[in-house]
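Structure record follows, encoded as structure tokens.
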There are 2 protein chains.
Amino acid sequence: MAIKERPRPGGRSARVQQAVHDAVRELQEARAREALTVPQIAEIAGVTPSTIYRRWGNLSELLADVSLERLHPDEAPADTGTLAGDLCRWGEQYLEEMTSVPGRQALDDIMASKDASRRECCCRYSESIMQGLRERALTRGESVPSLTAMMDGIVAPMTYRLLYDPASATVENFERWVDTTLSSLASR
Amino acid sequence: MAIKERPRPGGRSARVQQAVHDAVRELQEARAREALTVPQIAEIAGVTPSTIYRRWGNLSELLADVSLERLHPDEAPADTGTLAGDLCRWGEQYLEEMTSVPGRQALDDIMASKDASRRECCCRYSESIMQGLRERALTRGESVPSLTAMMDGIVAPMTYRLLYDPASATVENFERWVDTTLSSLASR
DNA sequence: CGTCCAAACGCAAAAAGTTTGCTTTATGAG
DNA sequence: CTCATAAAGCAAACTTTTTGCGTTTGGACG
């Protein structure tokens with residue numbers, strides 16, 4: 001029961017995808033942040049440019065595809081004992097990741113993609129992380145905000161700053177957002 | 001005392017910029033949402049492609065430039081008598097604008113630009129609008145949230161939804177954000 | 001297993017887009 | 001009015017992208 005993403009996910013197809021992704025990552029870190037071309041990637045991946053064009057359409061979509069993979073949350077945030085602690089811990093790491101050069105780049109690549117579903121995917125990632133922290137807090141017996149409240153109160157401001165005004169995407173601000181969101185809960 | 005944006009903003013240069021911008025807008029609404037090329041734009045604008053490349057670098061930057069102009073707030077939001085009313089009124093219009101096809105396109109174009117200063121510009125636009133509404137409310141004697149609170153509580157969630165999950169960028173949600181932001185003020 | 005269909009790739013030529021060196025135009029200052 | 005130079009035009013390289021066609025290779029079915 002393999003996940004049937006594409007009509008034919010078997011051997012070669014998967015190998016090509018892997019090779020191309022690897023090539024992109026290699027070139028991205030090695031050099032050429034700006035000048036990164038499809039023929040170049042094809043060369044290193046050992047494929048023909050036309051293969052890349054046929055599968056991804058253009059460079060932007062390919063980069064977005066690779067970057068989305070990069071941003072995929074691989075492990076659950078650490079357990080610090082409280083929801084506030086977990087959130088701050090996660091935010092700290094996330095901000096560090098996203099304000100780094102490669103992190104920014106990844107975010108930009110995704111935003112540059114015409115395919116809206118990729119952005120929604122980011123949204124789902126964040127939601128599932130928030131949901132995870134919520135449930136953990138609930139089993140501890142903490143009173144927790146709704147998922148919506150967390151998205152609007154924490155994820156949205158953080159993401160907005162990251163995208164539009166990176167200078168204000170700081171840990172201090174993040175803690176403030178957490179604070180506000182959690183305390184607004186108490187006053188109901 | 002003309003604004004000295006560029007070394008030589010005089011006649012021809014300005015005319016070319018105007019012609020190119022017009023050509024982009026014309027092509028955008030006329031047809032070809034996707035297939036929109038520099039040589040095509042150059043043709044209609046009556047300029048050489050190389051002129052466009054030298055001034056804007058590439059298609060993405062040109063589109064972003066045109067779109068930023070489109071998003072520039074031209075008039076102050078209507079005065080409804082209360083801050084809540086002004087906000088909702090503005091949000092309603094803004095959401096309508098941004099969920100339309102051309103509006104979405106403009107947003108996407110700006111997000112696709114490599115030049116971060118353009119996004120910051122969007123941020124400043126929003127800030128100045130919020131600040132305008134704040135001051136208007138202050139002269140009325142209303143108690144108003146800080147600019148930061150409005151950006152975090154209203155603009156950020158709205159923008160986040162517009163970008164990542166357009167389906168949830170609704171007027172109902174917007175009113176909720178306004179509500180939450182204004183009422184959190186009272187409980188201090 | 002062996003056969004067959006079609007998806008995906010390779011190849012190479014053609015088309016389209018982009019860059020660049022040089023020339024010409026025309027703004028803005030003196 | 002004259003001059004220096006930013007910006008545009010032009011055309012020839014150059015690079016990337018597209019496309020048609022033949023070949024490979026998963027995966028289904030007998």
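In what follows, every heavy atom counts, from backbone to side chain, and hydrogens, waters and symmetry copies are set aside. So that the names make sense, note that chain A is the first sequence line, chain B the second, and so on, each numbered from 1.
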Separation of [X] atom [atom1] from [N] atom [atom2], in whole Å?
| X | N | atom1 | atom2 | result |
| --- | --- | --- | --- | --- |
| A:Gln40 | D:dT15 | CD | C1' | 12 Å |
| B:Trp56 | D:dA7 | CH2 | P | 12 Å |
| B:Leu59 | C:dG17 | CG | P | 10 Å |
| A:Arg15 | C:dG10 | CZ | P | 11 Å |
| A:Ile41 | D:dT16 | CD1 | P | 11 Å |
| A:Arg54 | D:dT18 | CZ | C1' | 8 Å |
| A:Ile52 | C:dA8 | CD1 | P | 16 Å |
| B:Leu62 | C:dG17 | CG | P | 15 Å |

Nearest to the [X] side chain among [options], which nucleotide is it?
| X | options | answer |
| --- | --- | --- |
| A:Arg12 | C:dC11, C:dT25, D:dT25 | D:dT25 |
| B:Ser50 | D:dA8, C:dG10, D:dG9 | D:dG9 |
| B:Val16 | D:dT16, C:dC9, D:dA8 | D:dA8 |

Look at B:Asp109 together with B:Arg70 and state whether they make a salt bridge at an N to O cut-off of under 4.0 Å. no
When the nearest nucleotide of DNA chain D is assigned to A:Gly57 and to B:Val47 on a heavy-atom basis, which residue is associated with the more 5' position? B:Val47
Please work out whether the ring planes of B:His72 and B:Tyr125 are parallel, tilted or perpendicular, with thresholds of 30° and 60°. perpendicular
For B:Arg89, look at atom CZ and say whether over 12 heavy atoms of other residues, nucleotides or ligands are found less than 6.0 Å away. no
Please check if atom CD in B:Gln131 has more than 12 non-hydrogen atoms from other residues, nucleotides or ligands closer than 6.0 Å. yes
Between D:dT16 and A:Thr37, is there an OP1 or OP2 to side-chain N/O distance shorter than 4.0 Å? yes
Phosphate-side-chain proximity, B:Arg55 and D:dA8, N/O vs OP1/OP2 below 4.0 Å: yes
Okay, side chain of A:Asp86, backbone of A:Thr80: is any donor-acceptor separation there less than 3.5 Å? yes
With sugar-phosphate meaning primed atoms plus P, OP1 and OP2, does B:Thr51 contact a base, only sugar-phosphate, or nothing at under 4.0 Å between heavy atoms? sugar-phosphate
